[in-house]
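Take a look at the structure set out below.
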Amino acid sequence: MNVRLHNTLTRSTEPFQPLQKGQVLFYVCGPTVYDYIHIGNARVFVIFDSLRRFLERCGFRVIYIQNFTDIDDKIINRAREKGVDPRELAEEYIAEYWEDADRLGVRRATHHPRATENVENIIGLIRVLEEKGFTYQVHGDVLFDVSRFPAYGKLSGKKVDELIEGARVESRYKKRSGADFVLWKSAKPGEPRWESPWGPGRPGWHIECSAMVLRYLGHTIDIHAGGTDLTFPHHENEIVQSEAATDHPFARYWLHNGYLNIGEEKMSKSLGNIVTVREMLKQYHPRVLRLVLFSTHYRKPLHLDDEVLSSAERYFERMKNFLRNLSFIEEKVQQAPLCEGKEQEAQFSENIKKCRERFTEALAEDFNTAQALGVVSEFFRTMNRFLQPERGRWSRDTTAGIREFLEEVEEVLGIVPAEEMSVEDRLVQELVEKRQEARAKKEWETADTLREEIHNLGYVVEDTPLGPRWFRTEVESAGDFSVP
RNA sequence: GGCGGCAUGGCCAAGCGGCUAAGGCAGAGGAUUGCAAAUCCUUUAUCCCCGGUUCGAGUCCGGGUGCCGCCUCCA
């Protein structure tokens with residue numbers, strides 16, 4: 001499969017060709033752990049985790065690294081507000097991250113390094129930069145001298161002199177250039193600190209990612225990804241400091257996902273409209289959330305609102321119905337193999353094959369999940385036709401083919417509903433059987449009463465030519481999601 | 001001010017020069033059903049405007065209009 005990815009570096013969609021055949025070195029900027037992750041963070045983690053899953057499916061061995069920024073101003077400030085130790089705070093929210101990520105179905109990275117575990121490396125990296133003459137010190141802080149690195153701006157297309165002009169906020173530093181940034185921050189009283197050649201302090205934000213990339217993946221990686229807002233200055237700075245230190249290209253493909261907005265507004269603290277994953281999961285099934293995230297191409301902005309969410313809920317319902325229809329037929333075929341009519345099955349088998357191809361092609365073209373979802377949708381429509389109880393004949397090959405495709409969809413996107421095996425309630429089974437007897441005798445009132453009873457137990461019966469189909473209904477999601 | 005992105009049916013959303021412009025949601029009609037449910041079928045697009053390139057453009061180029069992002073911690 002020829003995968004193509006949009007590279008921010010070249011602003012074009014290019015064939016993806018890893019440096020080392022069959023292996024992908026992939027780094028994603030992880031969360032700063034000072035609060036619960038919000039739904040915008042979730043977009044990054046879900047999208048790139050799924051891309052990694054897709055690459056693995058394409059046969060690549062993917063080494064996937066996602067960091068935790070567990071030391072930083074935001075953490076220090078929040079810890080102060082709450083009167084706790086910054087380390088404790090970070091620890092707490094790393095635990096909360098796991099909970100949210102697990103529920104969202106985001107798989108663990110190959111490794112999740114933390115900034116505080118890499119201070120030695122960070123100091124080492126800064127020393128290299130210092131020895132090469134890329135740094136200067138102001139008030140105990142170590143800054144990167146952007147003027148020493150002419151390639152600065154190659155990712156974001158920004159020019160150093162324009163930045164000085166446009167700078168909206170006065171820096172606390174006497175920087176030589178507006179684009180210079182902190183590598184090592186001296187500790188103020190009461191702040192967490194590590195010893196260093198420049199005195200006690202802590203790493204600047206940008207340097208940690210470079211240090212972790214170098215340590216866990218090497219001087220040149222294949223993919224570096226994150227939210228679009230990280231393009232500048234974070235990723236730009238990562239590039240200069242890494243390339244200045246190693247003299248090697250840092251990352252070959254830069255991937256950036258678009259913002260997630262609440263209605264028409266950007267999510268921000270000042271607007272007070274930050275929606276946490278925790279909050280969303282109270283109202284929506286995690287897989288519905290994933291569906292929403294996949295419903296728009298990852299590079300485009302995604303506007304989260306009621307309609308988008310309920311639309312995804314309906315899609316999810318359809319998937320559940322489909323699985324129900326499928327297992328019902330599978331059961332019937334199991335009981336009495338009705339395999340005649342292979343010729344008629346051929347068109348369905350062909351259809352499954354086509355869908356699989358188109359699904360993969362969509363994802364291979366810059367990970368177009370929206371298009372892939374469209375394919376899945378068409379697949380359901382065609383296969384529901386195949387599964388019509390009226391048809392009266394099905395081949396196992398075809399139902400097996402359906403299962404295979406569903407597994408593939410699940411493996412990459414993780415959106416297929418779990419099949420609730422009818423576990424505990426023999427009772428319902430009995431009621432359904434009784435109702436069948438009543439129906440056979442055309443005792444409609446008895447039948448309807450029984451259905452009511454079944455319904456009250458949280459189940460639904462559907463009558464088909466092959467007999468009743470029954471299932472447990474999910475607990476309805478609690479109310480609407482409204483824009484704050 | 002600098003850099004970049006986007007404008008497709010009621011809503012969301014694919015589409016990267018060439019069969020009848022995917023798909024979802026909502027609406028309408030129909031098939032099916034004892035009634036339902038589920039499912040299937042049918043049905044809705046001057047692709048923001050104006051020029052240009054081309055045999056051919058939603059798709060490329062120029063201009064305009066309107067939204068949005070980054071340039072400040074931010075995924």
Side-chain angles (χ1 to χ4, degrees), chain A residues 4 8 11-13 28-32 37-45 47-48 72-74 77 153 156-159 161-171 178-179 205 225-234 236 256-261 264 266-270 274 291-292 295-297 299-303 305-315 317-318 320-322 324-325 328 358 362 365-366 368-385 387-390 439 442-444 447-448 451 460-465 468-471:
Chain A
R4 284 158 47 87
T8 307
R11 300 191 189 288
S12 61
T13 303
V28 177
C29 288
T32 300
I37 59 167
H38 56 66
I39 189 71
N41 294 312
R43 188 177 194 189
V44 179
F45 305 141
I47 288 289
F48 293 119
D72 148 287
D73 287 356
K74 288 195 292 293
N77 293 336
S156 60
K158 296 186 189 301
K159 296 188 177 56
D161 28 327
E162 286 160 359
L163 290 171
I164 306 164
E165 245 180 278
R168 274 188 263 156
V169 172
E170 273 309 304
S171 169
W205 172 41
T228 185
D229 55 322
L230 256 36
T231 310
F232 187 89
H234 185 56
E236 196 72 73
H256 294 100
N257 66 279
Y259 249 109
L260 187 145
N261 302 305
E264 287 305 308
K266 174 182 164 175
M267 223 180 344
S268 75
K269 255 184 279 178
S270 52
I274 291 188
L291 280 169
V292 168
S295 69
T296 302
H297 183 94
R299 281 192 289 116
K300 289 203 172 179
L302 170 55
H303 300 279
D305 60 32
D306 256 346
E307 284 211 62
V308 166
L309 284 159
S310 57
S311 185
E313 277 190 318
R314 285 288 306 135
Y315 193 103
E317 281 303 315
R318 263 183 81 214
K320 286 201 277 194
N321 292 336
F322 178 79
R324 195 142 59 228
N325 297 347
F328 182 73
R358 290 202 293 141
E365 185 61 25
D366 198 25
N368 196 333
T369 53
Q371 193 168 53
L373 245 33
V375 174
V376 174
S377 200
E378 285 181 65
F379 174 77
F380 287 147
R381 180 152 38 84
T382 317
M383 291 306 142
N384 267 324
R385 216 152 42 200
L387 296 170
Q388 288 283 340
E390 290 78 10
R439 290 184 73 234
K442 296 195 193 293
E443 291 168 2
W444 307 126
D448 285 350
R451 179 160 62 189
V460 169
V461 209
E462 296 170 347
D463 298 319
T464 84
R469 192 157 67 186
W470 58 279
F471 57 92

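Here is how names work: the chains are called A, B, and so on, in the same order as the sequence lines, proteins then strands, and each is numbered from 1. Quantities reported herein were computed from a predicted structural model and do not represent experimental measurements.
- One finds a side-chain N or O of A/Trp205 lying less than 4.0 angstrom from the OP1 or OP2 phosphate oxygen of B/rC74.
- In this structure, the CG atom of A/Asp305 is 19 Å from the P atom of B/rG24, given to the nearest Å.
- A/Asp463 places its CG atom 15 Å from the P atom of B/rU39, with the value rounded to the nearest Å.
- Nucleic acid contact for A/Leu260: base, since at least one base atom lies under 4.0 Å from a heavy atom of the residue.
- Proximity of A/Ser295 to the phosphate of B/rA13: no side-chain N or O atom is located under 4.0 Å from OP1 or OP2.
- Judged by distance alone with a 3.5 Å cut-off, a donor-acceptor contact links the side chain of A/Arg439 to the base of B/rG34.
- Scanning all heavy atoms of the two residues, the minimum distance from A/Arg469 to A/Pro389 falls at NH1-CG, 4.2 Å.
- OP1 or OP2 of B/rU39 has not a single side-chain nitrogen or oxygen of A/Arg381 nearer than 4.0 Å.
- Judged by Watson-Crick or G-U wobble contacts below 3.5 Å, the nucleotide B/rG51 has B/rC61 as its partner.
- Judged by Watson-Crick or G-U wobble contacts below 3.5 Å, the nucleotide B/rC6 has B/rG66 as its partner.
- Taking atom NE2 of residue A/His297 and atom P of nucleotide B/rC16, one finds them 13 Å apart after rounding to whole Å.
- Remark: A/Asn368 is in phosphate contact with B/rG15, judged by side-chain N or O atoms under 4.0 Å from OP1 or OP2.
- Atom CD in A/Glu462 sits about 18 Å away from atom P in B/rU32, given to the nearest Å.
- A/Ser156 comes within 4.0 angstrom of sugar-phosphate atoms only, judged by non-hydrogen atoms across all strands, and of no base.
- Remark: A/Lys266 is in phosphate contact with B/rC70, judged by side-chain N or O atoms under 4.0 Å from OP1 or OP2.
- The two residues A/Phe232 and A/Ser156 have their closest heavy-atom pair at CD1-OG, 3.3 Å.
- If you measure from atom CZ of A/Arg469 to atom P of B/rA38, you get 10 Å, rounded to the nearest angstrom.
- Taking only side-chain atoms of A/Asn41, from C-beta outward, the nucleotide of B/rU39, B/rC25, B/rA75 with the closest atom is B/rA75.
- Across all strands shown, A/Gly226 has heavy atoms under 4.0 Å from sugar-phosphate atoms exclusively, and none from any base.
- Across all strands shown, B/rU32 has no partner, as no Watson-Crick or G-U wobble contact with both distances under 3.5 Å is found.
- Among the atoms of the strands shown, none is found under 4.0 Å from any heavy atom of A/Thr231.
- Proximity note for A/Thr296 (side chain, C-beta onward) versus B/rA14, B/rG2, B/rC12: the nearest is B/rA14.
- Taking atom NE2 of residue A/His303 and atom P of nucleotide B/rA7, one finds them 11 Å apart after rounding to whole Å.
- Among the atoms of the strands shown, only primed sugar atoms or phosphate atoms (P, OP1, OP2) are found under 4.0 Å from some heavy atom of A/Arg314.
- What you find for A/Glu365 and A/Thr13 is that their closest heavy atoms are OE2-CG2, 4.0 Å.
- For the C1' atom pair drawn from B/rG27 and B/rG9, the interatomic distance equals 13 Å after rounding to whole Å.
- When distances run from any side-chain atom of A/Leu230 to the nucleotides B/rG34, B/rA75, B/rC71, the shortest one goes to B/rA75.
- The distance from atom CD of A/Gln371 to atom C1' of B/rA14 is 6 Å, rounded to the nearest whole Å.
- Between A/Leu373 and A/Leu291, the shortest heavy-atom distance links the atoms CD2-O, 4.1 Å.
- Among the heavy atoms of the strands lying under 4.0 Å from A/Arg318 are primed sugar atoms or P, OP1, OP2 only; no base atom is included.
- Residues A/Leu387 and A/Phe322 meet the side-chain proximity criterion, which asks for heavy atoms closer than 4.5 Å.
- Comparing A/Glu307 and A/Val375 by the nucleotide of RNA chain B that holds the closest heavy atom to each, the one mapping nearer the 5' end is A/Glu307.
- Each of A/Ser377 and A/Gly227 has a nearest nucleotide on RNA chain B; the 5'-most of these lies closest to A/Ser377.
- Judged by Watson-Crick or G-U wobble contacts below 3.5 Å, the nucleotide B/rU46 has no partner.
- Taking atom CZ of residue A/Phe380 and atom P of nucleotide B/rA22, one finds them 20 Å apart after rounding to whole Å.
- In this structure, A/Tyr315 does not count as stacked on the base of B/rG24 under the 5.5 Å centre distance and 30° plane angle limits.
- Between A/His234 and A/Trp205, the ring planes are parallel. Angles under 30° get that label, and only those over 60° would be called perpendicular.
- To the nearest whole angstrom, the two C1' atoms, one in B/rA28 and one in B/rU44, are 10 Å apart.
- Counting only N and O atoms by type, the side chains of A/Asn321 and A/Arg324 include a donor and acceptor under 3.5 Å apart.
- The residue A/His38 sits close to a base: some heavy atom pair falls under 4.0 Å.
- Counting non-hydrogen atoms under 4.0 angstrom, A/Lys300 reaches the backbone sugars and phosphates but no base.
- With hydrogens and angles ignored, no donor-acceptor pair closer than 3.5 Å exists between the side chain of A/Asn261 and the base of B/rG69.
- The side-chain heavy atoms of A/His38 and A/Met267, taken from C-beta on, include a pair separated by under 4.5 Å.
- Residue A/Asn384 places at least one side-chain N or O under 4.0 Å from the OP1 or OP2 atom of B/rC40.
- Checked by distance alone, A/Arg4 brings no side-chain donor or acceptor within 3.5 Å of a matching partner on the base of B/rC16.
- Under the Watson-Crick and G-U wobble criteria, each requiring two contacts below 3.5 Å, nucleotide B/rG23 is paired to B/rC12.
- Proximity of a side-chain donor or acceptor of A/Arg43 to a complementary backbone N or O of A/Tyr259 within less than 3.5 Å is detected.
- The side chain of A/Arg385 contributes an N or O atom lying less than 4.0 Å from OP1 or OP2 of B/rC41.
- The residue A/Glu378 sits close only to the backbone: its heavy atoms come under 4.0 Å of sugar-phosphate atoms, none of a base.
- Among the heavy atoms of the strands lying under 4.0 Å from A/Asn325 are primed sugar atoms or P, OP1, OP2 only; no base atom is included.
- When both pairing distances are held under 3.5 Å, B/rA38 makes no Watson-Crick or G-U pair with any nucleotide shown.
- Taking the C1' atoms as reference points, B/rG58 lies 8 Å from B/rG15, given to the whole Å.
- Residue-level contact check: A/Val376 touches neither bases nor backbone, having no heavy atom under 4.0 Å from any strand.
- At the heavy-atom level, A/Glu365 lies under 4.0 Å from base atoms of the strands shown.
- Side-chain proximity of A/Ser311 to B/rA14, B/rC73, B/rG24: nearest is B/rG24.
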